[in-house]
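Have a look at the structure below before the remarks.
By convention here, the first residue in the shown sequence is residue 1. Read the numbers this way: they start at 1 and go in the same order the structure lists the ligands and their atoms.
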Amino acid sequence: MELKQLGEFGLISHLAKDVQIYHQETLKGIGDDAAVIDKGDGNVTLISKDMLLEGIHFDLHYTPLKHLGYKAIAVNVSDIAAMFGTAKQVLVGLAVSNVFSVENVESLYAGIRSACEDFQVDLIGGDTTSSKVGLVISVTVIGTAKKEEVVYRTGSKANDIICVTGDLGGAYAGLQIMEREKQVFLSNPEMQPELDEYEYIVERLLKPNAKSDIVHELKEMGIRPTSMIDISDGLASELFHLCKASNLGCAVFEDKIPVDSRTEQALFELKLDPTTAALNGGEDYELLFTIQQSDFEKIKNHPEISTIGYMTEPGNGKKLMTRNEHVVDLKAQGWVHM
Ligand code: ADP
Ligand code: MG
């Protein structure tokens, strides 16, 4: 059977079904943003791993190594935030070809150190090897949380409100612009790209932020989401994960999906639809979570949180209420890297 018939998520569930858990402290293995290990003292350790491959996740024609190092850490910290935890340590696995200079690897590490400072995580180890196929960065992140505080993908109930942090579609718009400029550059190397007006979306693509600060704010506001996931593969795909984990449907309002005006402007120029970019683009690394209706008052004026819909009984399916008041089925195409 060809791998593409199963797809990434199909493959993971296929492999996971024969995996045994031998230790009772393994509270959660495969299937969430991070694994959850009981420390026995009321706290848990959270562990996750995310890998970035040249030619699949990034293109060195337009990805500065410093940004790439930063992103490799940020996307991992994001998975710990998605468990409602705090990232503490990272390990960095590096496969690097000999076309790289020492200065190149130093740039990558300058970005890694900068992210470690921003997110207050300690780089505690890793592994280094040569590569014949391109650059690979594989990061493992370790975090902590109180056992009772952990938020899983599962746990929401019908009528819980669906919330999203920040804005969506920006990284996808950034990718389209960078791909366009790359083609221009390849056909005429004299042409230097004019990227000033795209600064916001290019940064969304190249140097994403992890929303750990929002996790702390929610805790201070006394809100514990009923379920949560980070948005790495597009809003639709992550909504599907939440619905599947809690066996629910959902209703999302198109006009509530947050898209920044700078993202809209670039997408308009590219003749792409903002809703499609938000639903099916990827790499925004915002948090998607559900809260009880009784918590709505606490967050309704938060500038960085949008409420976009609500969870429904499973029989209602996964629906998008469009701007012109049609009800359509949500489709999760997921994020096909590059
Ligand atoms: P995320 O998008 O949050 O990084 P993924 O979709 O990559 O999550 O992974 C979903 C779950 O599958 C996670 O629990 C992850 O640890 C697990 N997983 C992914 N790949 C593998 C693999 N090759 N073997 C075992 N578990 C895996
Ligand atoms: Mg995740």
Side-chain angles (χ1 to χ4, degrees), residues 3-4 6-23 25-37 44-53 56-58 71-87 90-93 119 121 136-143 145 150-156 162-166 168 171-172 208-212 214-215 225 227-246 279-290 332-338:
L3 280 178
K4 68 172 184 231
L6 276 181
E8 179 190 340
F9 302 132
L11 179 64
I12 296 172
S13 1
H14 183 70
L15 297 173
K17 71 181 185 332
D18 295 324
V19 171
Q20 281 286 332
I21 295 294
Y22 300 105
H23 301 285
E25 61 262 38
T26 307
L27 300 179
K28 179 76 197 177
I30 297 171
D32 216 300
D33 292 291
V36 183
I37 316 294
V44 295
T45 301
L46 304 166
I47 309 178
S48 181
K49 177 186 196 68
D50 248 322
M51 208 158 35
L52 298 179
L53 267 77
I56 305 287
H57 300 94
F58 60 89
K71 180 169 181 172
I73 301 300
V75 303
N76 275 278
V77 170
S78 176
D79 274 322
I80 299 297
M83 303 302 290
F84 219 44
T86 307
V90 285
L91 294 117
V92 175
F119 303 118
V121 294
V136 179
I137 309 165
S138 173
V139 176
T140 301
V141 61
I142 303 169
V150 178
V151 177
Y152 295 89
R153 290 180 180 181
T154 177
S156 57
I162 303 172
C163 307
V164 63
T165 63
L168 302 174
Y172 179 78
N209 189 11
K211 290 298 162 89
S212 353
I214 298 264
V215 168
S227 67
M228 179 146 69
I229 189 169
D230 69 331
I231 306 183
S232 51
D233 296 330
L235 177 62
S237 171
E238 314 302 358
L239 279 168
F240 270 59
H241 283 308
L242 289 190
C243 287
K244 187 174 179 200
S246 293
L279 287 171
N280 299 317
E283 307 237 275
D284 286 314
Y285 297 101
E286 296 295 343
L287 294 172
L288 173 69
F289 57 97
T290 55
Q333 287 171 285
W335 173 232
V336 181
H337 291 282
M338 300 191 70

If you compare all heavy atoms of [X] against all heavy atoms of [Y], which two are closest, and at what distance to 0.1 Å?
X      : Y      : result
His241 : Ile229 : CB-CD1, 3.6 Å
Ser227 : Thr290 : OG-OG1, 2.7 Å
Met228 : Asp32  : O-OD1, 4.5 Å
Val150 : Ala145 : CG2-CB, 3.9 Å

Side-chain contact, heavy-atom cut-off 4.5 Å: [X] with [Y]?
X      : Y      : result
His57  : Lys71  : no
Val90  : Val141 : yes
Leu287 : Val215 : yes
Ile37  : Leu27  : no

For ligand 1, which atoms sit closer than 4.0 Å to a heavy atom of [X]?
X      : answer
Ser232 : 2 (O)
Asp33  : 3 (O)
Phe9   : 6 (O)
Ile30  : 12 (O), 14 (O), 17 (C), 25 (C), 26 (N)

Determine, counting only non-hydrogen atoms of the protein, whether one lies under 4.0 angstrom from [atom].
atom                    : result
atom 8 (O) of ligand 1  : yes
atom 19 (C) of ligand 1 : yes
atom 15 (C) of ligand 1 : no
atom 12 (O) of ligand 1 : yes
atom 23 (N) of ligand 1 : no

Starting from atom 4 (O) of ligand 1, find the nearest protein heavy-atom neighbour and note its residue, name and distance. Asp79 OD2, 3.4 Å

Does Ser232 offer a backbone N or O that forms a donor-acceptor pair with the side chain of Glu238 under 3.5 Å? yes

Applying a strict 4.0 Å limit to heavy atoms, is Asp50 in contact with ligand 1? yes

So, 4.0 Å and heavy atoms of Arg153: is ligand 1 close enough to count as a contact? yes

Min N/O separation [X] to ligand 1 under 3.5 Å:
X      : answer
Asp233 : no
Gly31  : yes
Asp32  : yes

Side chain or backbone of Ile12 under 4.0 Å from ligand 1, or both, or neither, by non-hydrogen atoms? side chain

If you apply the rule side chain to side chain contact (heavy atoms under 4.5 Å, CB included), what do you find for Val92 with Ile137, and how did you get there? CA-CA 7 Å; Val92 175; Ile137 309 165; 4.3 Å; yes

Here the vertex angle at the Mg ion (ligand 2) for OD1 of Asp230 and OD1 of Asp33, given to 10°, is 90°

Looking at the Mg ion (ligand 2), which N/O/S atom of Asp79 is the nearest one? OD1

Between Ile142 and Leu91, does the side chain to side chain contact (heavy atoms under 4.5 Å, CB included) criterion hold? Intermediate values first, please. CA-CA 9 Å; Ile142 303 169; Leu91 294 117; 4.1 Å; yes

